[in-house]
Amino acid sequence: MGEATRRAVLKGGLTVVGALGLMKTQTASAATTPVIHSTAEWNARPASGAIVVENHKPTYIVVHHTVDPGNNTDYSLAHALQISRDIQNFHMDTRGWIDTGQQFTNSRGGHVTEGRHRSLEILRGGTRHVQGANVGNHNSECLGIENEGLYSTVDVPVALWNSLVQLIAYIADQYGITPDFIKGHRDFNSTECCGQVLYNRLPELREAVGRQLGQAVLRADAPEWPLLKPGDTGPKVATAQRFLRAAGFGVPTDGVFGKATADAVTRLAAGQGLSRDSCTAARASDESAYLGSDVWPLIVPADRSAAAWRAELAR
Ligand SMILES: [Zn+2]
């Protein structure tokens, strides 16, 4: 926390050294402790294997949506406990995981539940990390929050937003994670998750968490990688196609994300062992050919840094 405060920079570029530190005492917690309903409260099944607790803190707090297209209007606690059971059943019985994939679940009514066993106890300790299954190839660094619903075209309910801000502020405070390390699932894997609408609100989420913690938000040094999908058209698709051709894939460079391009991305992802598993309870669509944050670094030419390419592609 102290380190983050010392590094805090206001948006205008004014460096604040110590000033923010005066706003809170050294011992007071900046974040309100949210109500988190434990696995015992929702009658979770026992995990089918040993829960892995890593001897370090998580680096990132990752926002997901459950891709439940109903966006139902049952805002009760009983419903939140029910979806916790539903997700656990799906992850264990269909995905074959040892337990719920995410560490925490946030309902449309704003009720927060523990996902994977021990996540709450370990969070309260503030020094270790329960390894989940929600961000392929990054589960040692990422603590995931599943938000009930599908937010590709519609916005989240206010209750869900408010509980998400509170929960993340508490997690960030427990681990000393600064708001810049709040990410969306698509920042790691080629997936629509956490939905375009919710993803677009991540800067606002970082600001809101920062206000709760009394921290200014540092701006990311470069924009995130774009997410391209089959059916997309335009110059970014043409750029991706040129890179794929240079990598040995026989795709056209017509700027149309058609079947040949989709097949190339699917083959590339399989060859590199990239995660194509949706973290969530259902898939809104087949994401196996999505070209996102885990594919771009494999195909951009080495003559520029990743950050330079991200800036270029954001134009
Ligand atoms: Zn996700």
Side-chain angles (χ1 to χ4, degrees), residues 36-52 58 61-120 122-123 129-140 142-152 154 156-157 160 163-164 167 184-186 188-195 198-199 269 274-288 290:
I36 301 175
H37 299 277
S38 69
T39 47
E41 286 177 78
W42 54 267
N43 287 323
R45 295 155 60 179
S48 65
I51 301 293
V52 175
I61 301 168
V62 179
V63 177
H64 301 272
H65 66 170
T66 64
V67 197
D68 168 12
N71 280 347
N72 76 75
T73 53
D74 185 346
Y75 301 127
S76 68
L77 173 59
H79 173 76
L81 304 182
Q82 181 62 50
I83 60 165
S84 300
R85 288 188 289 270
D86 294 344
I87 292 170
Q88 188 192 31
N89 287 335
F90 181 79
H91 285 172
M92 292 180 72
D93 299 340
T94 303
R95 287 287 157 75
W97 297 341
I98 60 163
D99 196 356
T100 301
Q102 73 274 13
Q103 286 83 358
F104 297 99
T105 309
N106 184 24
S107 81
R108 284 172 56 81
H111 302 287
V112 176
T113 57
E114 183 180 27
R116 181 157 293 203
H117 284 85
R118 301 196 66 191
S119 295
L120 186 50
I122 297 299
L123 170 62
H129 172 55
V130 168
Q131 189 188 94
N134 57 81
V135 183
N137 298 327
H138 297 276
N139 283 303
S140 287
C142 294
L143 184 154
I145 301 166
E146 282 286 355
N147 294 281
E148 180 195 12
L150 175 61
Y151 301 112
S152 299
V154 300
V156 299
L160 181 148
S163 57
L164 183 61
L167 175 62
H185 186 183
R186 74 166 63 174
F188 299 92
N189 301 148
S190 295
T191 174
E192 162 71 12
C193 187
C194 55
L198 181 52
Y199 186 77
L274 302 184
S275 167
R276 299 279 120 172
D277 263 353
S278 170
C279 59
T280 46
R283 267 178 190 279
S285 57
D286 180 8
E287 298 184 338
S288 57
Y290 281 23

Quiz prompt | Taking every non-hydrogen atom, the tightest pair across Ser107 and Ile83 | solution = CB-CD1, 4.3 Å
Quiz item: Do Glu41 and Leu77 have side-chain heavy atoms sitting under 4.5 Å apart?
Solution: no
Quiz item: Backbone N or O of Leu160 within a donor-acceptor pair of the Ser163 side chain at under 3.5 Å?
Solution: yes
Exercise. With sequence neighbours excluded, tell me which residues meet side chain to side chain contact (heavy atoms under 4.5 Å, CB included) with Ala44.
Key: Thr39, Trp42, Gln88, His117
Practice problem: Mind listing the closest non-hydrogen atom pair of Thr113 and Ser84 along with its distance? | Solution: OG1-OG, 2.8 Å
Practice problem: Taking only Lys NZ, Arg NE, NH1 and NH2, and the carboxylate oxygens of Asp or Glu, determine whether Asp99 and Arg118 approach each other closer than 4.0 Å. | Solution: no
Practice problem: Could you pull out all residues at least two apart from Phe188 that satisfy ring-ring contact (aromatic ring centres under 6.0 Å, His included)? | Solution: Tyr60, His138
Practice problem: Would you give the length of the straight line joining atom CG of Leu143 to atom CG of Asn134, rounded to the nearest 0.5 angstrom? | Solution: 7.5 Å
Practice problem: Rounded to the nearest 0.5 Å, what's the gap from NE2 on His65 to CD on Glu148? Could you check? | Solution: 12.5 Å
Practice problem: Identify, with sequence neighbours excluded, every residue that meets ring-ring contact (aromatic ring centres under 6.0 Å, His included) alongside His37. | Solution: none
Practice problem: Kindly say whether Gly195 contributes a backbone atom to a donor-acceptor pair with the side chain of Ser152 at under 3.5 angstrom? | Solution: no
Practice problem: Write down the atom of Gly136, the atom of Asn189, and the distance for their closest heavy-atom approach. | Solution: N-OD1, 3.0 Å
Exercise. Not counting sequence neighbours, which residues clear side-chain hydrogen bond (donor to acceptor under 3.5 Å, both in side chains) with Asn147? List them please.
Key: Asn106
Self-check item: Nearest-0.5 Å distance, CG of residue Leu150 to SG of residue Cys193
Solution: 10.0 Å
Practice problem: Check Cys142 against His129 and note the closest heavy-atom contact, atom names and distance. | Solution: O-CE1, 3.2 Å
Practice problem: Could you tell me which non-hydrogen atom of Arg108 sits nearest to which non-hydrogen atom of Tyr151, and how far apart they are? | Solution: NH1-OH, 3.0 Å
Quiz prompt | Heavy-atom side-chain contact between Glu146 and Thr100 under 4.5 Å | solution = no
Quiz item: Hey, what's the ring geometry for His185 with His64, parallel, tilted or perpendicular (30° and 60° as the breaks)?
Solution: perpendicular
Self-check item: Polar side-chain atom of Gln103 near backbone of Gly144 as donor-acceptor pair, under 3.5 Å
Solution: yes
Self-check item: Contact check, side chains of Ser190 and Leu274, non-hydrogen atoms, under 4.5 Å
Solution: no
Quiz prompt | Leu167 to Val112 - nearest heavy-atom pair and separation | solution = CD2-CG1, 3.8 Å
Quiz prompt | side-chain hydrogen bond (donor to acceptor under 3.5 Å, both in side chains) against Arg85, all qualifying residues, sequence neighbours excluded | solution = Gln82
Quiz item: Is a side-chain N or O of Gln131 found less than 3.5 angstrom from the main chain of Asn139, in a donor-acceptor match?
Solution: no
Practice problem: Mind checking the CD1-OG1 spacing from Ile87 to Thr105? Nearest 0.5 Å is all I need. | Solution: 4.5 Å
Practice problem: Tell me, please, which residues at least two apart from Arg116 pass side-chain hydrogen bond (donor to acceptor under 3.5 Å, both in side chains). | Solution: none
Quiz item: Are Leu81 and His111 close enough that some pair of their side-chain heavy atoms sits under 4.5 Å apart?
Solution: no
